[in-house]
Each structure stands twice: as C-alpha cells, then as structure tokens.
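For ligands, and for the atoms within them, numbers begin at 1 and follow the listed sequence.
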Amino acid sequence: MSRHRIVRGMDYNDEYDGYDDVYGHSVDDDCVSPTDQQWLFDRTRGQHSMSAFIKKNKNIEEEAEDGDDNDDEDEEDEVYQKARRDSENFQMPELDDTAQAKLSSCVDEVRSVVGDAVSERCIVETSMRFDYNIQKVLDEILNEETSKKDKNRRPQKLKLNATPAAKTITTPKPTPTKITLSTAKDARRGFDIASPKAPASPNVSGRNTPVDGGDEAGRSTNAIFKVSKDQAQRNTQELYEQERSSHKSHIHMIVIGHVDAGKSTLMGHLLYDTGNVSQRVMHKHEQESKKLGKQSFMYAWVLDETGEERARGITMDVGQSRIETKTKIVTLLDAPGHKDFIPNMISGATQADVALLVVDATRGEFESGFELGGQTREHAILVRSLGVNQLGVVINKLDTVGWSKERFQEIVHKMKSFLKQAGFKESDVCFTPCSGLTGENLTKSAQEPGLKAWYEGPHLLDVIEHFKVPERAVDRPFRMSVTDIYKGTGSGFCISGRIETGALCVNDKVLVGASREQAQVKSLSMDELTQTSVFAGDQISVTLGGVDVNNITVGCIICDPQMPIPVTTRFQCRIIVFNVKVPITMGYPVLLHHQSLIEPAVVCKLTASIHKSTGEVVKKKPRCLGQNSCALVELETSRPICIERYSEFKELGRVMLRVAGVTIAAGMVTKIR
Ligand SMILES: Nc1nc2c(ncn2[C@@H]2O[C@H](COP(=O)(O)OP(=O)(O)OP(=O)(O)O)[C@@H](O)[C@H]2O)c(=O)[nH]1
C-alpha cells in the first residue's frame, strides 16, 4: 500500500521548536476536552461570560486604541452597531415547529457565510421571503449588501468626475502597503512582515515574477501573465463532463478515532476482503507479526508499514490505499489516533471528503476515548471544522462485548447527541456495528448469530458505497495545496497534493505560492497513471518546469495566473475557541494550520466577541477570549501566505489554531487585509 507522503519528511522538532517540553499534548490534556457545548448551535445558551475573568485580571491592559483606526474601521463599527441594534429590537416570529426548524437551520447557514455584518432581522425576513432556500437567501442578501456598498461609493466617483482638476493629477498614487510590524507601535509583536507589494518572499528568483502584485486582496494581478489561448478560454465544466462522465466517481475517506480503536486493523481487513491485498502478502504479515508476538496486528500491518509503527503498534503517519466499490473509487486515509500525531491527522483530513470515525466498544475503552479526554471528540470536531460533513461511525470490537445490542445502543445514544452538537446533521451520520479483527459486517451482512439476532442494517462496504460524492468545484479558478515535493524522473521536479478547485492541463501556466512565480505544467499523473487533465477533488502529482524548487514549500498554494489567490500577512477570522488555559489576548502566538501549511502567526487584534448562535456582536474589542467563546480576530503571519475568504472558497477559507500541541480554535476567514 502506498504511504501518504505529506508528512514523511516533517521534522517535529522544527515544527514545534520551542515547545519541546510540552509538545504532544492535545486538546484534552489535563482532562479538559472539547465539550459538547463548544461552538455548537444552542439558542438557549448565552455567550460565555468574560466578566468573571476580567474582574480577577484587572491588570490586563486594555487593547491600545488604534491611532490609525481608519474610516474603514469606523464604518465597520457602525455596521456592527446597526446590526446589533437591529437584532436587539427584533422579535422572532412565531412559527410552528417545522417552520421554526427550517428557519433556524437557514439562519445558521446564512450566518456562517455572511458573518455578523447582516442583522438577524434581515436574515430572518429574507429567509421567510425565500421559503428558507439558502441559496436564494444568500444571493439576495449578498446582492443587497453589494448594491449598498456601490451606492455608498458612487457619490465619491461622481465628485471626482465633476472636478476637472482631478483628471489632471498626474502624480502616481502611492501604492498602499501592508502595515509592517516593525513600527514602534507594533514592535512588541516581534517580527517583521514584508509587504506583499514588495517581493513577497525572499526566495523569489525573479525569473517569472510579476512586476506588479495586484489589488489589495491580491484578487487579480496587473502583471500580464501570458497563458495559452486554450488555457484562457477553456470550459472546464465541459472538459470534466467529457473526460469523467464515464468514470466511477472518486472520494477521499479519512479513518479517524482514538488510539487503538482498531482503525488500521479495520482498513487492513477491508482491503484484504475486497481483494486489494493478496493472500500471499497477508500470509507474510501473519508470519512476521507472529514472530514478534504481535499477531493481533497482522491486518494493521497492511497500512502501518514502517518498522517503528510496527514495533510500537501505533500508526504515526497517514497511511493511504484505495478500494473500488460498485460505483466509486475510494482513497482510504488511515489517520494516526495518538494525540502526538494530530498534525498528521489534520493534514490528512484537509484532503478528505468524508470520514469514518472508529470507536472501540470494549467496556472502559469507549469511555476513555470519548469521555475521559481521548481523541474521539477531538477528531470529530477537527474533521467537521475542516469541512467534512458526512460521517460513518464504526462501533468496532463488538466481539469483546458479546455483540451486545445494549452496548451498541448505549454508544449510539452518547455519540448521536455529541455529533449533532458538533455540527453533523443527523441524516449525514450512520452507525455500523463491526469487528475489524474477525471481519464481521465488513463486506458481508452480519453472519455472527449474536449480531444477526438484532442487526439488519448495512455492512461497512455498503456504508462507504452510499456516501454522497461532494460536488466538485471544477468551474472555479484552479487552486491546489502542495503536500509534498520530490525529484521527478525527468527534468523539473514534482509536487503532489489535492486540487481544491478548478482544473489543470498539461502545458498550463500556474503561479506558485506567495512568491507568485510562474511555472509550467510539464506532466500530470494520478494514481501513477499519466493524465492530460485533472480536476477538483483529484489527488495528483505535477511535474513543474521554469521555477526554482526553492520557491516551493509544503503548504504553499499553486493557482491560476488569471485569477490568482490573495497573498497576505494579515486577515480576519471568525473563530470558535476550544479549550485555552490562558485566555487569548492581543499578541497571542499560535501555529496556523491552513490546508497543509503550518505557519507561525500572532493574534494581532481582537475585533469583537460575537454570539455563538446569532453571530451578533456582544462586545467590540474585547480584552481577552476565554474557552467556548466565539470572536472575530485578526491574525498576522510572519511570512506572506496564500489564503481565501470562506465565503468565496470554502475549501481555502478554513483555519485551525494550535498552541503547544493543543488545538485551541477553528476559524473561517472573513476578510483579507
Ligand atoms: N478484539 C478485537 N480487537 C481488535 C479489533 N480491531 C482491532 N483490534 C486490536 O486492537 C489493537 C489496535 O489495533 P489498531 O488497528 O492498530 O488500532 P488503531 O486504531 O489503528 O491504532 P492507532 O492507529 O495507533 O491509533 C490491535 O491489537 C488489534 O488487534 C476488533 O475488532 N476486535
């Protein structure tokens, strides 16, 4: 089985330099785990109160008033205030239960896209007007917002036109540059940030670098990147249908869960039962594991390939393999369960469309994975925050509890309410009883009398077969996050990763990372087969030419030169804070996880605390953020990075914040500075 490459070469000492003594702790260390109350929809629950903390910590300095708070910010404040006033005076309409449920779900979906700038009243009224059709409601609200902005801008434009002198001004406009942190005011943040207008990266070779970096969000470049006529005029949707309509659809499935839940055994056995591992290889694993006294791991060895993994009996890196069902090709990503390897698990999860959450039914084991600070909850929350919304829960090792229906139901009951609060829709979650070791209910319906007596549902392969294939954003501009870089066989070098949006063809031009150097696609391959074009959702390898290999790093984004991804060092996020021992204050250093990028960053501004369910601004410029709170914050990275707004590219607008091995927050990018 092939091994996932993402993190092969990752040096944890480098990644967590300075955190050596604490690295390895996860969300739940010291028994503080993400509780079911986190970030989850509950209108009855109020905003986490900060007053108690602030009372006790009076010496925390008020965030310095930004002397340079510009008009934009005042405008923003006004919008917040207006939205808040509007929301405060607003009475929810009285509706029957069904309509109330539709309304709540529509308001939540819309709020997750538009953030807090739109009042509750406006969202509720529009939702009712458009019969809770989320797409239509969003269109209406976003169009309204855009036209409001246009109206506000228009008078200025007219003024300029009306003043002849304005036309005669010939002095070139100074290019607005990003705030550099080396100013006296910001010196405390401790690093210099290059302006994206200036060369974006010290590594730019200059060979293919544009002269001008584009507008303030980097949305378009003024520099002329010549792309071929074919690339410029390609109808990617048409091409996709031409090339893929006769193919089986392809999904990536990550297998997650607490350490030792039986993930690798389950996947190894599934691969064997589906004929993807030969009898000869299985026999070899059996003999070798027996010699080491680890025969119970023989199926796990199919995916746990390294000596260290086999000796320690744990998965450390994401193992990768694939199976074919009647209608699908499924890439399996076997994630490590141990908390020390959560960065690997996150990296794998960024590529997943769907997830299998494996829990151990053994008495005491389920409890330690779920209730006593284990990784079951953390993994579920992480994959949901990374955009996975279909989940198969495998209640594994049911052989250890005599195939007990009561135990199965007890676990289903506990998991159901947690997963609902974690943001999974009930209709997108299913529960399957299994034994990865005995192979029960994996590819055939229940045979074991103890299970057959009460279970008639689908087996695991059926569950996988029935996962919906997410819609692929093939008609969007091309974006791909680099997960590995290696020397190819011919000229140039290879990168691999998953295409998030758009399509790519041989000979296309692409822009590379924050340096925006131009490169050319020499060849493409997928599953070791050469391709001429590849599409969103594909896990591919690309041979690039015409670019310096030093300008490409794991985590950088390759994009379409005609619609490049914004490059920035500062952006605003709407975050949900999980468990933090020390409240987040201005200047709080974090490790930013964005796709496969891990980058040091600083929380440089606490813009507002917001209400978790309504999105209303609760307090502007709070002094700190405690656990279970929700807020708008600004983050600043030490180097320019490529990032998108969540409302424009969901796939590239999500971030995760970690500190010393602990996931402290998940967020969605709302503004790019
Ligand atoms: N009785 C029983 N034991 C199982 C079952 N599945 C796995 N095991 C045992 O559980 C232990 C751990 O299995 P793994 O497959 O390595 O667990 P894992 O979840 O992949 O572990 P990590 O990847 O390290 O988190 C091994 O000893 C397996 O033999 C099962 O269905 N029944």
Glu644/Arg479 salt bridge by N-O under 4.0 Å criterion: yes
Side chain to side chain contact (heavy atoms under 4.5 Å, CB included) filter on Gln447, not counting sequence neighbours, yields Glu440, Lys444
Atoms of ligand 1 under 4.0 Å from any heavy atom of Val259, numbered from 1 in the order shown, are 24 (O), 25 (O)
When distances are taken from atom 29 (O) of ligand 1, the protein heavy atom at minimum range is Ser296 O, 2.6 Å
Does any N or O atom in Leu437 lie less than 3.5 angstrom from one in ligand 1, N or O only? yes
Exercise. Is there side-chain contact between Thr663 and Leu382, with heavy atoms separated by less than 4.5 Å?
Worked result: yes
Note: Asn396, heavy atoms under 4.0 Å from ligand 1, region reported as side chain
Closest to atom 12 (C) of ligand 1 among protein heavy atoms sits Asp260 OD1, 3.5 Å
Within the 4.0 Å heavy-atom cut-off, what Leu266 brings close to ligand 1 is neither
Nearest non-hydrogen protein atom to atom 18 (P) of ligand 1, with distance, is Lys263 N, 3.4 Å
Worksheet item: N/O to N/O below 3.5 Å, does that happen between Thr265 and ligand 1?
Response: yes
Closer than 4.0 angstrom, basic N to acidic O: yes or no for Lys248 and Glu324? yes
Note: heavy atom closest to atom 26 (C) of ligand 1, options Phe341, Trp301, Phe297, Tyr299, belongs to Phe297
protein heavy-atom neighbour closest to atom 24 (O) of ligand 1 works out as Thr315 N, 2.9 Å
Quiz item: Do the charged groups of Lys414 and Glu410 touch, with an N to O distance under 4.0 Å?
Solution: yes
Any heavy atom of Thr400 under 4.0 Å from ligand 1? The part involved is side chain
* Asked: Between Asp334 and Lys263, is there a side-chain N and carboxylate O pair less than 4.0 Å apart?
  -> no
Q. Is Lys326 salt-bridged to Glu465, going by a charged N under 4.0 Å from an acidic O?
A. no
Asp399 heavy atoms within 4.0 Å reach ligand 1 at atoms 1 (N), 2 (C), 30 (C), 31 (O), 32 (N)
| message | So Val659 and Leu591, do their side chains get closer than 4.5 Å, heavy atoms only? | response | no
### Query
Between Asp538 and Arg498, is there a side-chain N and carboxylate O pair less than 4.0 Å apart?
no
The closest protein heavy-atom partner of atom 8 (N) of ligand 1 is Lys397 CE, 3.5 Å
Check your understanding: Mind checking whether Gly436 has an N or O less than 3.5 Å away from an N or O of ligand 1?
Key -> yes
message: Any nitrogen or oxygen of Gly337, side chain or backbone, less than 3.5 Å from one on ligand 1?
response: yes
In short, side chain to side chain donor-acceptor pair (under 3.5 Å) pairs touching residues 422-434 with sequence neighbours left out are Asp428-Lys468
Under 4.0 Å from one or more heavy atoms of Ser435, ligand 1 contributes atoms 30 (C), 31 (O), 32 (N)
- prompt: Would you call the rings of Tyr299 and Tyr272 parallel, tilted or perpendicular, where under 30° means parallel and over 60° means perpendicular?
  reply: tilted
_Considering both backbone and side-chain atoms of Asp334, is one of its nitrogen or oxygen atoms within less than 3.5 Å of a nitrogen or oxygen in ligand 1?_
no
Q. Does some non-hydrogen atom of Ala261 fall short of 4.0 Å from ligand 1?
A. yes
